[in-house]
2 protein chains.
Amino acid sequence: MTMNASGGRRRPPTIHDVAREAGVSRGTVSRVLNGGHYVSPAAQEAVNAAIRKTGYVVNRHARSLITGRSDSIGFLLTEPQERFFEDPNFNVLLRGCTQALAAHDIPLLLMLAGTEDERRRITRYITAGHVDGVLLVSSHSGDPVAERLREAGVPLVACGKPIGLGSKVSYVAADDRDGARDMVRHLLSLGRRRVGMVTGPQDTPGGVERLAGYKEVLAEAGVALDENLVVSGDYSRASGEAGAERLLAQAPDMDAVFVASDLMAQGVLTALHRAGRRVPEDVAVGGFDDSPAAVASSPELTTIRQPWDRISAEMVRVLLAQIGGEDPAAVILPTELVKREST
Amino acid sequence: MTMNASGGRRRPPTIHDVAREAGVSRGTVSRVLNGGHYVSPAAQEAVNAAIRKTGYVVNRHARSLITGRSDSIGFLLTEPQERFFEDPNFNVLLRGCTQALAAHDIPLLLMLAGTEDERRRITRYITAGHVDGVLLVSSHSGDPVAERLREAGVPLVACGKPIGLGSKVSYVAADDRDGARDMVRHLLSLGRRRVGMVTGPQDTPGGVERLAGYKEVLAEAGVALDENLVVSGDYSRASGEAGAERLLAQAPDMDAVFVASDLMAQGVLTALHRAGRRVPEDVAVGGFDDSPAAVASSPELTTIRQPWDRISAEMVRVLLAQIGGEDPAAVILPTELVKREST
DNA sequence: CTGAAAGCGCTTACAG
DNA sequence: CTGAAAGCGCTTACAG
């Protein structure tokens, strides 16, 4: 890494300049900066005025060096990046986390670790203390990064339940099973009885839970489970398209399909359209996520809304609490059925 | 901001531990860390072995404190965030920049400044030296942030030409005008003569240039410009839909339309479909960007590919060069016509 | 080529 | 409530 100082920047004012301007010691300035405890109102005021006058901004490197904290948070994306970037949910999550952190004046470092090599490098970087905590977004959850970070004692909160780590790692997730149950119940309420499903990956909590919800409701309704009506996808649009083609071949009488993500549902719509099936007349289609994809497709998708705003806000809240010394926690948030044109 | 040290992290090894392990002074370790100049091969080797053995990772805060560099780069998004996050191009750009930077082991800080208040706060943060340079992504380009950062001497490269700042600020952009020319020429080559356009915002370089290209080619082909065939949008899907409706009302005989972004083109497709016009039989539709939206829509869009991978790579290259002391530079990259189903 | 030393800007016990 | 002082982990002239 080679970076030199740039041309035009003049040396910013230091705590020393502020102290001189305010006529107090540097210690007092620091105390004002750190909450104003044990500082007389007069000194307090003088320092604040001096800060305004000098345009002082704390040097975080100096502060971090002594406190041992970095005052920044990492947003870590492991595993296939393309998929996440293709997924509109990712945007909402990233934006939500950035904003929630900005409210605390904490910068967010974006970290991508798609290869094992990068994952090793990033893990070292993190465990060296360059961020105070990590927001982990990973699709497949046999993900070793979560375990490594947990072992190193790095505060961590995952988006979705990390399989295999139980409640030792904090996570925030929507209630996938309940959402799936709502959707399948909705499809049955329409009178459909040949309800197919395109699942998510089965090494993913969402993938597992949504399938479980589907099976439960079918069983409760006394509808026999037909293996030909279940195919698996990987959350990508392409896998939805392929999945629908398989379903059509295996179970031509399918009259509804629950698809574990809106993106896959877009693919399903494409395949159905090509096969000449009308949606929702011939086949009702239910998605999951309520992502922008849901209203971008035609017909617009009936889907299950994941509360992304709350998810990101909770992830940040739990992480900050954990950095503050609290124990890990799991937060499960309710979903909501959004009825549109596809059912 | 209140963040306490977390439970399990033990104190990481310092340069002092490495020096002891290697049997050299701390200065020598530092020299190895910073390029290995003026270090004997023997010392070099001993230090490297000690680094491996101790698992040493440099403390960036200490380094930054003394060098005055932060060894990190900011990715700054000003103006309406929703639009950018909705825009698939944003993802590609963000990912490309993150990866290009990762190759230099430089972390990327994501900064969102949608309100004037946030913009002020971020500007202070940046000018205080917390990042070495800024990758600026802003739609409307009367954007005061670019000017403020330039004045403060912060190395900066914009995505797209910042209006009003001339070549004082580095930027990387696709050749918008040339791309637009290619598309309109393509539409004319299909025999269409009533070619409409949905423009981008006219306070945006891309918005201006793409319209200019459209007008140029029409003039060159001897096709009179019809004001009824030109409406303006804001790059959002919704504005494309509304724009197409206006065009249909003003110029029902329109047989082709050039839309300044794929996202708007999706909206155009929706409106055309609703009006019962077949694409491309009745109306040929050309987009711009070659974003994921282009293949997600049906029919798939003929469009102009922006070389996003190269754009992000060049942005990073130019920024690092500028941080290294070079003067600002503008880089214009060629576009490419991608023929699909909509023309 | 190498070590001893100063110093980056801050925070935090420690005396008062 | 406040100042003087030590020290966080590193880099970089400065002597040798």
Side-chain angles (χ1 to χ4, degrees), chain A residues 1-5 9-48 50-51 54-71 125 128-130 132, chain B residues 1-5 9-48 50-51 54-71 125 128-130 132:
Chain A
M1 196 175 343
T2 51
M3 311 177 92
N4 301 323
R9 293 203 231 182
R10 43 198 174 315
R11 194 181 64 75
T14 73
I15 206 173
H16 185 257
D17 301 317
V18 175
R20 184 155 27 78
E21 179 71 31
V24 299
S25 73
R26 296 184 285 137
T28 297
V29 174
S30 181
R31 274 176 220 114
V32 172
L33 255 26
N34 291 283
H37 304 303
Y38 301 101
V39 183
S40 67
Q44 179 98 258
E45 205 164 316
V47 169
N48 282 137
I51 288 176
T54 55
Y56 171 79
V57 178
V58 68
N59 181 321
R60 283 171 186 250
H61 304 304
R63 175 183 281 176
S64 291
L65 178 55
I66 182 161
T67 61
R69 301 177 261 117
S70 73
D71 292 334
Y125 182 85
H130 294 308
D132 293 331
Chain B
M1 198 174 341
T2 51
M3 310 177 94
N4 300 323
R9 294 203 232 181
R10 43 198 174 314
R11 195 181 63 77
T14 73
I15 205 174
H16 184 257
D17 300 318
V18 175
R20 184 155 27 77
E21 180 70 31
V24 299
S25 75
R26 296 184 285 139
T28 297
V29 175
S30 180
R31 274 177 221 111
V32 172
L33 255 27
N34 292 282
H37 305 303
Y38 303 101
V39 183
S40 66
Q44 179 98 257
E45 203 164 318
V47 169
N48 282 138
I51 288 176
T54 55
Y56 171 78
V57 177
V58 68
N59 180 321
R60 284 171 184 250
H61 304 303
R63 173 182 282 176
S64 292
L65 178 55
I66 181 160
T67 61
R69 301 178 260 115
S70 73
D71 291 336
Y125 182 85
H130 294 308
D132 293 332

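Per the geometry, CG belonging to A:Leu65 stands 4 Å off C1' belonging to D:dC8, to the nearest Å. Between the P atom of D:dC1 and the CD atom of A:Glu45 lies a distance of 15 Å, rounded to the nearest Å. One interatomic measurement links the two molecules: NE2 of A:His61 to C1' of D:dT11, which rounds to 15 Å at whole-angstrom precision. Counting to the nearest Å, the P atom of C:dC10 and the CZ atom of A:Arg31 are 15 Å from each other.
The 5' end of DNA chain C is approached more closely, in terms of each residue's nearest nucleotide, by B:Gln44 than by the other of B:Gln44 and A:Ile15.
Base contact: A:Ser30 has a heavy atom under 4.0 Å from a base atom. Nucleic acid contact for A:Thr28: sugar-phosphate only, since backbone atoms but no base atoms lie under 4.0 Å from a heavy atom of the residue.
With hydrogens and angles ignored, the 3.5 Å screen pairs no side-chain donor or acceptor of B:Asn48 with any backbone N or O of B:Glu45.
Within the structure, every side-chain polar atom (N or O) of B:Tyr38 is placed at least 4.0 Å from both OP1 and OP2 of D:dT11. At D:dC10, none of the side-chain N or O atoms of B:Thr67 fall inside 4.0 Å of OP1 or OP2 (strictly under the cut-off).
Atom CG in A:Leu65 sits 10.5 Å away from atom CD1 in B:Ile66 (nearest 0.5 Å).
Counting only heavy atoms from C-beta on, A:Asn59 has its side chain closest to C:dG9 among C:dG9, D:dG7, D:dC10. The side chain of B:Arg69 has D:dT12 as its nearest neighbour among D:dT2, D:dT12, C:dT11. Listed nucleotides: D:dG9, D:dG3, C:dT11. Nearest to the side chain of A:Ser25: D:dG3.
Using N1 to N3 plus N6-O4 or O6-N4 for Watson-Crick, or N1-O2 and O6-N3 for G-U wobble, each under 3.5 Å, D:dA15 pairs with C:dT2.
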